[in-house]
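Here is the structure we will look at, set down as structure tokens.
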Amino acid sequence: MVSKRKLSKSDAHGDSLTAELPPVDQATFQKKLCQILRKHPFYPHVVQEFVSGLETHIKDRDQFRNCLLPCAPVRGEVTRNLVHSYCESLIKLLLGIETLQPAVITLLLEKLPEFFFDTVGTFGTNFPRLIVNQFKWLDKILDSKDLIMKLMQMVSVSPAPIQHDIITSLPEILEDSQQSEFAREVSQLLKRDTRLTVPILDALSNLDLDAGLLAEVRQSAMIIVPAVKLEDLPVVIKFILHNIKAVDAVEVISALRKNLDLSSCILPLQILSSQSKLKSQPQTSSSTSQVSSSQNCVKLLFDVIKLAVRFQKGISEAWIKVLDLIVLLLIHTTNTKSRKQIERVLRNKIPLGCVPEQLLQSAFRNHSLVIKDFFPSILSLAQTFLHSADPCVVSFGSCMYKQAFSAFDSYCQQEVVSALVTHICGGNDVEVDISLDVLTDLVTLHTSSLIRYATFVKNILDYTEKLNPQQIRKLFYILGELAFSQRQEDSYIQDDMHMVIRKWLSSTVPKYKQMGIIGAITVAGSMASKRSKEDRCSLERTQQSEEHCRQLSILLDLVSYCCEQSPEALALYYDELANLIEKQKGNLDSQILRGKLQVTMQSSSAEVTMMESQNRKRAPAWTKREERIGKSVVEDFSNDFVVDLTPVVDGVHLFPVKSLYNLDEDESQGTIVINLLPLLSQNWLGKSVDEMATRNQGKKIVSPECLCPSFRLLRLYTTEQHNGSMEEIDALLGCPLYLTDLEIEGKLGSLAKQEREFLCSLLFHALNWFREVVNAFCQQQDLEMKGKVLTRLQNITELQNMLGKCLAASPGYVLPPAIFDCEALEAAPTVNAVGLVKKKKTGGKKQKSEGSKDSSADHSQMEENPEGNQSEAETTQLEKDTTEKRSGIPLVQLQSYRAFFRELDLEVFTILHCGLLTKSILDSEMHTEQGKDCRNIGFSHLCQRSSQEVAQCAVELLKPLCSHMENMHNYFQALITENEEVVDGPRVNIQEHQLLSSCYQQLLQVFRLLFAWSGFSQRENSDLLRSALKVLADRLKPGETEFLLLEDLISESFHYLLNFQHSVPNFQCALTLTQLLIVIAEKPVASWKKDKIASLAKQFLCQSWMQPSGMREKGSQFSDALHTLLCVYMEHTDNILKAVEDISSVGVPELINSANDGYSSTYPTLTRSQTCYWLLPGCSASVVHSARTGCAANRELPENIDPSKTQTCENQEMQSLLCQPPISPPCTAHKIPSNTVKGPKSGGGKVQLEKLLHWNMAVRDFHILVNLVKVFDSRPVLSICLKYGRLFVEAFLKLAMPLLDYSFKKHREDVQSLLKTLQLSTRQLHHMCGHSKIHQDLGLTNHVPLLKKSLEQFVYRVKAMLAFNHCQEAFWVGILKNRDLQEEGDISGSEGGSEHNDDDEESSE
């Protein structure tokens, strides 16, 4: 036959990859073959015969392959006339003939199973793929539906590779009408078999689907995201992100983020770390390959996201709202236009805890390969964050630097170090501190890596002019660790440091000398630190130790020589050595430590020149000097400051010498005494007589300024050498001081100026000695020593009283500092500057509590609380008057003199464990100074502790603090009972009441600041938080809290603190207690706690607060506290509008006819003078906020509500839409567009009515508040009404008017009543605008333009609503007369306005 002859010709070149056809066009071939078959006498049976012949022909696989491969015509003259040189395969040509197509399709599908189990390459060809390809792009398929059905059946029985080929080929086989049905079918297959994820999604991506079907298929793909293999995940994500509309982007991305879990790529890394210890190297290499593959898949995944956010703006915006950290970094890198938005989002979310540092650390740890591509953005964001004023943001930026250094390569590390050095050299204190902290962490954790960039760090030495002492200490610690911690010593760093230190020490400028001392001692600490035994062998270590001893000797000899003639420099030298021993307790080489102190205590100026020349020869001499070190330290201190107690003291002194404050009664063996007054007299007289002579003699000056630093060094060295024992120096605790007669009442006026100033200095030095003694012995367990420590606290109280009197009589006197590592004060405080105030409370306790609250970005300092000081200023006024009246001499405020007192250590507060103290001891805790300026001054020791250390100390003190607060509670409870609940009863001791009230306030403040510490939100401090809560819970349920959950501990702690509500003595304590309960309840917030806080706040607002003198609490500070508590009440009440209505409609009318000092009987805290300070601002802001958020209330209506009497209906609890989960996109639903409120579709008539009732109550409250101006017409009231009136009208226009548009027909009377009430308020606002213009008050008229605009918009918006409901005839506009605030008369010359009247409104169907 013709067909067989043509087929035989096509087999002429069976070995070629393409079969050759006769020199005719393909279309001609198909046409002629179709004509021959149709004209054949046996048609249509000849078709079956043809196909049988074809089947026989393709039994040979080579021939079958040739039939499936593309054909090429025989070269010849005829081929020149062909349209194109490419020809389809023979099978495809046959499929193009309608008469043959069904039979050939059947033949091919029957042939396909023969190749199910053939591997590709067995016959050189992938036959299944070639067979499926024959069905692609056919001009016409007679029965496409049947073909697709057969192919899908083939998918169900085929091996995976063939399934893949069939599914990916179907989009080229399908007709357009079949795409939707196919998509639904394969989406179901996708759910059943995730192995076909890639081919199915690849096929679906090539289909043109409608939006609804695409969303349905996308949802199917979304479901399988958690279960899909990691290598298939990029394909799935690419499909999900394909063709997302901007409207659906946030929803899709949010769902994707919830289902996307990259833990599957972290697991191989964990397996590798565990298997590397157990398996051989080849197996570990296999695991390494698995990890690399996983990381590559993750990188590919983010490449897919990068393409999506680059070319689809909606997806980029959606990812920003979903708040995924890595994707935010990706967008910051990809889209330059979105960088400012990314920075703004992160700055807003980081303080809220939405992006914790743990998340950042996890991202760097698990996905460093991906994040490395974002390094420029990471560096840019970190630099930006360090410029922020928020400590949380600054801390996050520092964490970015640290993680980038530890996770990335050397180039990135160099850039990080360079950026940190730039911050330090910039001069901004916050940036300098945090950058130095980052470098300190890096030098501790990654010393070997950072040593490569030591040159960059060394360059900071050229910019030390603006660094403070704390920063100098950090810098030299970093440089010292880099210079002395490696085997190959970096001599160039050491040389530069020594050169700078020598230059500073030889300077006559005190600041440079101070920097030189701090730098030298810090470097000495690095040289003396114990190194790991693995760093070097013992012989090398011994040689290195000897070399360090030699260098230390030279360095410290130089420091000692340069400090001899300057008491302040020498005192700083002692303090720095003491701090070094305390900080590196147990981490200093004993040989170097002893040698160092030997040099310190025994060196003299005459020995220095000899020691420098002989140091290299006498390194072994350390052993001999060690034998004398124990005696040396004690002897040097004893020789300078301690003498034997004698009846008569020789010498010339400004005052008679008298031994005071001796606690040791047994004098049989002789008593020692601190030689203070003679030494101070000698020093005082030497200033004018023989100061220069002493300096020329080259002798070391012994000054009282060195007394406390020298003793601190002595006791720290003693405890270090004797394992904490202080037996060798315990006599110093009870020994007396050489002072003078301190009965100064009535004598100060007769003293000369020099004598008064000398007496001030004497008292200061005595005070500082006792403070340092308390620091030294506060932790001793011996009962006798505990008693002496408590007595020393009482001595501090007495001396502070005397000092206050002396300072008041010595105006202009400036005292020498007692803290030597702070920057010099530009102007020392004087009596004229500080004024006369009452006694203050112990700074130590405040320091501890504030340090506990402090964040990791600024852990060393504490934030002052103005509220606590404000209350104390008022409550102790009578005490001050009493003290002054009794003594005849006023007291001076000591808080400005903080730089002149020795710092109390945190360990001092272990004294609180002693239990209830006497009144005098308790009073001693009331007098330590506190200042609000220069927060670093006076807390140098605290600055060197981390926030975790301070918090740990505070938590350990919670038990005694609870005991003391319970004692306060019991005292005031008993006082109330004894006086029959009368605060100013006859049995009340006013001074004692004020003193204990202040203590109570400070205790509550300590608790609040501790639990408000932001570090408790960090995972590593969760155990510390649990320990703190357990202390409080144990007070209620002793022994039952060990296994309680965190939420249960919070509940028990809340109930424990709530019990103190009945004993708070003043309003400031009440506010602090409420704030403390809020802090506890926020971990986490529960509805019952919110109700309790609201109830407690209302109870305090309804309570009458009286002072012990019988006067009511008042003043601006009291007003501020009232405003704060009202805001707390409004924030936590379940119905803001009901609360506002209750206060404004019940409490305010009771004030209308009262006197100027009158108050409300329902709300005693509400007086006529307080109205403008706390009532109007708090209530007005609450009404506006409730109006903005109340439209979201979807709760059920109360029973028995009469819609016609909506003014008496109580609104249900409202949910604020602003309270969203941290990771959710920012909510914008509180601004409801007009097209979203559409009758029944908005949730039904019941919800619509509830919203209407809510707005009715809001308008009613607004009307009451606005009309208060008729009674309280002061300028502050007018300003508040104008400000919040505009805000309320704007909220009503945006949120309420769309509701009224669709509620008018069903609730006409309600809408009419609401608008009438609001119209009365807008008229009153209009009168206020006229009043402001008539009186030409610039502060008021600034509010008028925007308010008038809003009022006009309201008029025309009501007209539009009536027109929408076909009632425009009910609206008319007239001239509104300008009246006064009482609406009684026309103000001449004022401009008119417009008004609307809807009295005749009628519903229109």
Side-chain angles (χ1 to χ4, degrees), residues 1171-1173 1175-1188 1230-1234 1255 1258-1259 1261-1270 1272-1298 1300 1314-1362 1371-1398:
T1171 304
C1172 61
Y1173 288 106
L1175 173 64
L1176 278 177
C1179 292
S1180 301
S1182 300
V1183 169
V1184 172
H1185 175 72
S1186 178
R1188 287 175 173 175
H1230 62 286
K1231 296 183 179 180
I1232 300 181
S1234 58
W1255 275 108
V1259 170
D1261 288 349
F1262 178 68
H1263 176 67
I1264 295 174
L1265 293 173
V1266 169
N1267 278 274
L1268 288 178
V1269 75
K1270 296 180 180 180
F1272 308 99
D1273 56 355
S1274 62
R1275 185 177 180 276
V1277 173
L1278 290 173
S1279 177
I1280 293 167
C1281 287
L1282 291 174
K1283 175 183 176 181
Y1284 288 100
R1286 176 181 63 84
L1287 295 177
F1288 183 85
V1289 173
E1290 290 178 351
F1292 189 88
L1293 289 173
K1294 293 180 181 179
L1295 306 178
M1297 289 308 300
L1300 300 186
L1314 186 149
L1315 290 175
K1316 280 186 175 183
T1317 304
L1318 184 58
Q1319 186 181 18
L1320 296 176
S1321 302
T1322 57
R1323 285 178 179 176
Q1324 184 65 35
L1325 291 174
H1326 179 80
H1327 299 328
M1328 293 180 197
C1329 294
H1331 174 85
S1332 302
K1333 290 185 177 180
I1334 291 298
H1335 289 79
Q1336 297 181 352
D1337 190 323
L1338 183 60
L1340 298 179
T1341 54
N1342 287 337
H1343 297 286
V1344 171
L1346 293 177
L1347 177 57
K1348 295 282 284 186
K1349 179 181 178 181
S1350 299
L1351 294 177
E1352 291 176 3
Q1353 289 176 347
F1354 170 66
V1355 171
Y1356 291 105
R1357 184 63 180 85
V1358 172
K1359 181 178 180 180
M1361 183 204 71
L1362 294 174
F1371 182 89
W1372 61 272
V1373 178
I1375 301 300
L1376 182 64
K1377 294 181 180 180
N1378 281 328
R1379 302 181 183 274
D1380 59 15
L1381 296 180
Q1382 283 72 30
E1383 300 184 359
E1384 298 178 352
D1386 189 4
I1387 303 177
S1388 60
S1390 61
E1391 57 186 40
S1394 61
E1395 70 173 2
H1396 70 276
N1397 194 328
D1398 46 11

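For this chain, numbers begin at 1 and follow the sequence in order.
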Phe1292 side chain near Leu1314 side chain, heavy-atom distance below 4.5 Å: yes
Closest contact, heavy atoms only, Ala1291 versus Trp1255: O-CH2, 3.9 Å
Close side-chain approach of Val1344 to Leu1340, heavy-atom, < 4.5 Å: no
CZ on Phe1354 to CG on Leu1315, rounded to 0.5 Å: 5.5 Å
Reported CG-to-OG distance for the pair Leu1338 and Ser1332, which is rounded to 0.5 angstrom: 10.5 Å
Leu1265 vs Tyr1284 side-chain heavy atoms within contact, under 4.5 Å: no
Separation of Ser1321 OG from Lys1316 NZ (nearest 0.5 Å): 14.5 Å
Straight-line distance of Leu1300 CG to Leu1318 CG, nearest 0.5 Å: 9.5 Å
side-chain contact (heavy atoms from CB on, under 4.5 Å) assessment of Phe1262 paired with Thr1322: CA-CA 10 Å; Phe1262 178 68; Thr1322 57; 5.8 Å; no
Residue pair Phe1288, Asp1261: steps toward the side-chain contact (heavy atoms from CB on, under 4.5 Å) verdict: CA-CA 11 Å; Phe1288 183 85; Asp1261 288 349; over 6 Å; no
Validation row: Ser1279, Met1328 side chains within 4.5 angstrom (heavy atoms): no
Residue among Leu1282, Leu1278, Ile1280 satisfying side-chain contact (heavy atoms from CB on, under 4.5 Å) with His1343: Leu1282
Candidate pair His1263 and Val1266, rule side-chain contact (heavy atoms from CB on, under 4.5 Å), full reasoning: CA-CA 5 Å; His1263 176 67; Val1266 169; 5.8 Å; no
Met1361 and Met1297, any side-chain heavy atoms less than 4.5 Å apart: yes
Carboxylate-amine/guanidinium contact Lys1294 Glu1290, below 4.0 Å: no
Lys1359 NZ to Arg1357 CZ distance, which is reported to the nearest 0.5 Å: 13.5 Å
Euclidean distance, Leu1320 CG relative to Leu1325 CG, rounded to 0.5 Å: 11.0 Å
